[in-house]
Structures are given as structure tokens and as C-alpha cells.
S.K.: 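First the structure, which I've put down as C-alpha cells, then a few questions once you've had a look.
Counting starts at 1 for both ligands and their atoms, following the listed order. From a predicted model like this one, the values you see are computed outputs, not experimental measurements.
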Amino acid sequence: MMLDATQNYLQPLTEDQLFGWHSALFPTGRSGMYKIEVGRYRTGEMQIVSGAMGKEKIHYEAVAVEAVKKEMDNFLDWFNNDSSTDLVLKAAIAHFWFIIIHPFDDGNGRIGRAISDLLLTKADKSPERFYSMSSQILVERKRYYEVLQKVQHSSGDITEWLDWFLHCLKNALHETEKTLGKVVYKAEFWKHHEQTLLNERQRLVLNKLLDGFEGKLNSSKWAKISKCSPDTALRDIKDLMEKGILRQESEGGRSTNYELVELTNQKF
Ligand SMILES: Nc1ncnc2c1ncn2[C@@H]1O[C@H](COP(=O)(O)OP(=O)(O)OP(=O)(O)O)[C@@H](O)[C@H]1O
């Protein structure tokens with residue numbers, strides 16, 4: 001679904017395409033244990049609820065069933081023909097509008113997020129995706145629900161939603177920048193060390209450090225990761241320290257921890 005949305009962003013969005021996405025999301029015709037209406041608009045009323053059975057909290061009552069088709073026609077007409085709205089703002093408005101209609105039995109959140117990514121692809125004028133708004137929304141899911149909840153009950157003023165959406169987009173871009181930064185740094189690191197004599201264990205642990213090692217690296221973790229004896233681990237570490245690639249962390253606890261020396265400070 002996401003690929004179709006972001007690769008075919010220049011085509012108009014159609015009802016049939018939405019039905020196709022919905023069918024792709026629910027190939028068994030069920031959502032979990034429950035049979036749902038797949039590949040067509042819902043034919044029943046829709047409430048967004050949370051909480052355990054018997055203690056459900058109703059967050060929002062979606063558009064009445066008899067209005068779904070007409071509301072979706074209006075939505076698609078605006079989606080395909082409005083060219084006066086900035087595409088990033090349009091991505092935010094489209095998501096909110098789609099969620100308000102809640103046209104399907106299930107999967108509305110996922111399809112709504114794909115619709116946003118489609119418009120962001122259009123705004124970028126390129127199907128190459130380096131960031132994912134959908135993934136960032138999921139990371140910030142708690143606030144996403146809170147803002148949706150609040151703005152759904154405001155009388156038509158969606159400023160807070162637009163504000164949150166832009167903030168979330170900024171975070172998505174920052175996350176991508178961080179990831180790309182790591183990838184580029186790793187490539188530079190290995191280019192600099194093309195000629196450095198390193199064994200397989202050292203290469204393995206260095207790659208883990210470059211990918212963002214969780215926690216502190218000490219000699220026993222080294223031995224575990226590279227499946228060697230504690231003595232070998234210490235020898236490998238000492239060799240990297242002599243080469244200026246690793247250094248001892250200043251805040252030592254009971255065990256000695258090691259960290260990568262920034263590329264600019266390494267001796268070559
Ligand atoms: N008040 C609200 N609280 C939580 N979600 C809401 C609220 N109002 C609307 N929603 C939307 O409803 C979606 C859930 O609807 P639905 O279960 O049909 O989608 P889904 O794609 O199956 O679920 P999910 O988004 O959790 O993967 C949420 O993702 C969100 O976009």
C-alpha cells in the first residue's frame with residue numbers, strides 16, 4: 001500500500017485504489033479474529049473506542065453511514081483537484097479529513113497515514129523516500145491520538161492538528177538526518193581505515209559501535225559479541241587503542257568502558 005501510494009503519487013487517487021489498499025491490508029477478510037467488510041466502504045456506523053470490553057470509552061463518532069460515499073466523493077474531488085493548498089498542509093488536512101470520515105470498517109489510520117505520505121511525496125516531487133511520516137506518527141502515537149481527540153471536538157478549527165503534524169514532520173526529518181549521518185559516517189570511517197590492519201572480531205565490534213551500540217562497551221561484552229576469550233578481547237581492544245581508534249571512557253565505573261575516537265581525532 002505504502003509503495004503504491006508513494007510510487008504512483010502523480011496519478012489521481014481513486015476510490016478503486018483505496019479499495020485495493022484496503023484489500024491488501026486485510027487479505028483474509030478479517031481483522032484479527034473478526035470478519036470485516038473488505039475492499040469497500042463500511043455499511044455500518046462507526047465509533048472510535050478504547051478500553052476493555054464492557055468499559056469502552058467512546059472517543060469519536062464518525063460520519064453517518066449513509067453519508068460516507070458522498071463525503072468520500074467530496075474528499076477525492078478536493079484531493080485530486082485542489083491545487084491552491086500547500087502540499088505539506090494538504091497532507092495534514094487530508095489525513096484529518098479522511099480520519100473524520102473513517103470510511104472503512106478497519107485500517108483507517110494506516111490508509112490515512114499512507115495518504116499523507118503520498119502528498120508529502122508529491123511535495124518532494126520525488127518517489128525516493130528518505131523519511132517516513134507514517135513511522136514518525138507511530139513513534140508519537142500517544143500525542144497523535146490526544147491531538148486527534150481534541151481537534152475532533154473543536155468546532156472546525158484544526159490549527160492544533162496542523163501544528164502537531166508539522167512538528168511531527170520536523171521530527172521525522174531529524175530522525176532521517178541522524179540515520180543518514182550515521183550511514184555516511186560509517187562509510188567515511190571504513191574508507192579511512194581501508195589500509196588499517198584489523199581482524200574480523202575488531203571489524204565486527206567496530207561495526208556495532210558505528211551502528212549505535214546500546215549501553216557501554218567493556219571487555220567482557222567484547223568477548224561475548226566476538227565469541228573469544230577475555231584475554232583475546234583485551235588484546236583486540238589494546239590494539240585498537242594503540243591505533244587511536246578506541247579510547248577508554250572517562251567516567252569509569254567498576255569496569256573499564258571503551259568508546260570510539262571521533263574520526264577527526266584518529267591517527268592515520
Ligand atoms: N480520538 C481518537 N483516538 C484514537 N484514534 C483516533 C481517534 N480519532 C481518530 N482516530 C484514528 O483512528 C485510527 C484507528 O482506526 P482504525 O482502527 O480503523 O485504523 P487502523 O489502521 O486499523 O489502526 P491503527 O492506526 O491503530 O494501525 C487511528 O490510527 C487514528 O488515526
S.K.: What protein heavy atom lies closest to atom 18 (O) of ligand 1? Include the residue and the distance to one decimal.
M.R.: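 The closest heavy atom on the protein side is N108 ND2, 2.9 Å.
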S.K.: For atom 10 (N) of ligand 1, what's the nearest protein heavy-atom neighbour? Residue, atom name and distance, please.
M.R.: L148 CD1, 3.7 Å
S.K.: Atom 11 (C) of ligand 1: which protein heavy atom is closest, and how many Å away?
M.R.: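 Looking at atom 11 (C) of ligand 1, the protein heavy atom closest to it is I99 CG2, 3.8 Å.
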S.K.: Does K238 come within less than 4.0 Å of E242, counting only side-chain N to carboxylate O?
M.R.: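 Yes, K238 and E242 are salt-bridged.
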S.K.: Decide whether the shortest distance between a heavy atom of G107 and an atom of ligand 1 is less than 4.0 Å.
M.R.: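 For ligand 1, residue contact (heavy atoms, under 4.0 Å) with G107 is present.
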S.K.: Measure from the side-chain N and O atoms of N108 to the backbone N and O of F98, and report whether any donor-acceptor pair falls under 3.5 Å.
M.R.: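 No; judged by distance alone, with no hydrogens or angles, the pair does not exist.
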S.K.: Nearest protein heavy atom to atom 28 (C) of ligand 1, by residue and atom, and its distance?
M.R.: Y145 CE2, 3.8 Å
S.K.: For ligand 1, does E146 get within less than 4.0 Å through its side chain, its backbone, both, or neither, judged by non-hydrogen atoms?
M.R.: neither
S.K.: Do NZ/NE/NH1/NH2 and the carboxylate oxygens of E71 and R42 come within less than 4.0 Å?
M.R.: no
S.K.: Of the listed options (Q149, K57, Q152, H95), which comes nearest to atom 9 (C) of ligand 1 when hydrogens are ignored and any heavy atom counts?
M.R.: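 Selected option, by shortest heavy-atom distance: Q152.
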S.K.: Is the backbone N or O of N171 less than 3.5 Å from a side-chain atom of Y131, with the two atoms forming a donor-acceptor pair by type?
M.R.: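 Pair absent, no side-chain N/O of Y131 close to backbone of N171.
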S.K.: Considering only protein heavy atoms, which is closest to atom 31 (O) of ligand 1, and at what distance to one decimal place?
M.R.: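 Atom 31 (O) of ligand 1 sits closest to the protein heavy atom Y144 OH, 2.6 Å.
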S.K.: Less than 6.0 angstrom from the centroid, inside 45 degrees of the normal: does R143 satisfy that with respect to the ring of Y145?
M.R.: no
S.K.: Among all protein non-hydrogen atoms, which one is nearest to atom 15 (O) of ligand 1, and what is the separation to 0.1 Å?
M.R.: H102 NE2, 3.3 Å
S.K.: Look at atom 17 (O) of ligand 1 and say which protein heavy atom is nearest, naming residue and atom and giving the distance to 0.1 Å.
M.R.: D106 OD1, 3.0 Å
S.K.: Could you tell me whether D211 and K182 make a salt bridge, using a distance below 4.0 angstrom between a side-chain N and a carboxylate O?
M.R.: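 No, no charged N to carboxylate O under 4.0 Å.
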S.K.: Is it true that K69 and D73 make a salt bridge, defined as a side-chain N closer than 4.0 Å to a carboxylate O?
M.R.: yes
S.K.: Which heavy atom of the protein is the closest neighbour of atom 6 (C) of ligand 1, given with residue, atom name and distance?
M.R.: I48 CG2, 3.8 Å
S.K.: So, is R113 polar-close to ligand 1, with some N/O to N/O distance under 3.5 Å?
M.R.: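 Yes, at least one N or O pair falls under 3.5 Å.
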S.K.: Using a 4.0 Å cut-off to any heavy atom of R141, which atoms of ligand 1 qualify?
M.R.: 26 (O)
S.K.: At a 4.0 Å threshold, what atoms of ligand 1 neighbour a non-hydrogen atom of R110?
M.R.: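 Atoms satisfying the 4.0 Å criterion: 20 (P), 21 (O), 22 (O), 27 (O).
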S.K.: State plainly whether the residues E188 and K191 are in salt-bridge range, i.e. N to O under 4.0 Å.
M.R.: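 K191 and E188: not salt-bridged.
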S.K.: Would K90 and F79 count as a cation-pi pair here, with the cationic atom under 6.0 angstrom from the ring centre and within 45° of the axis?
M.R.: yes
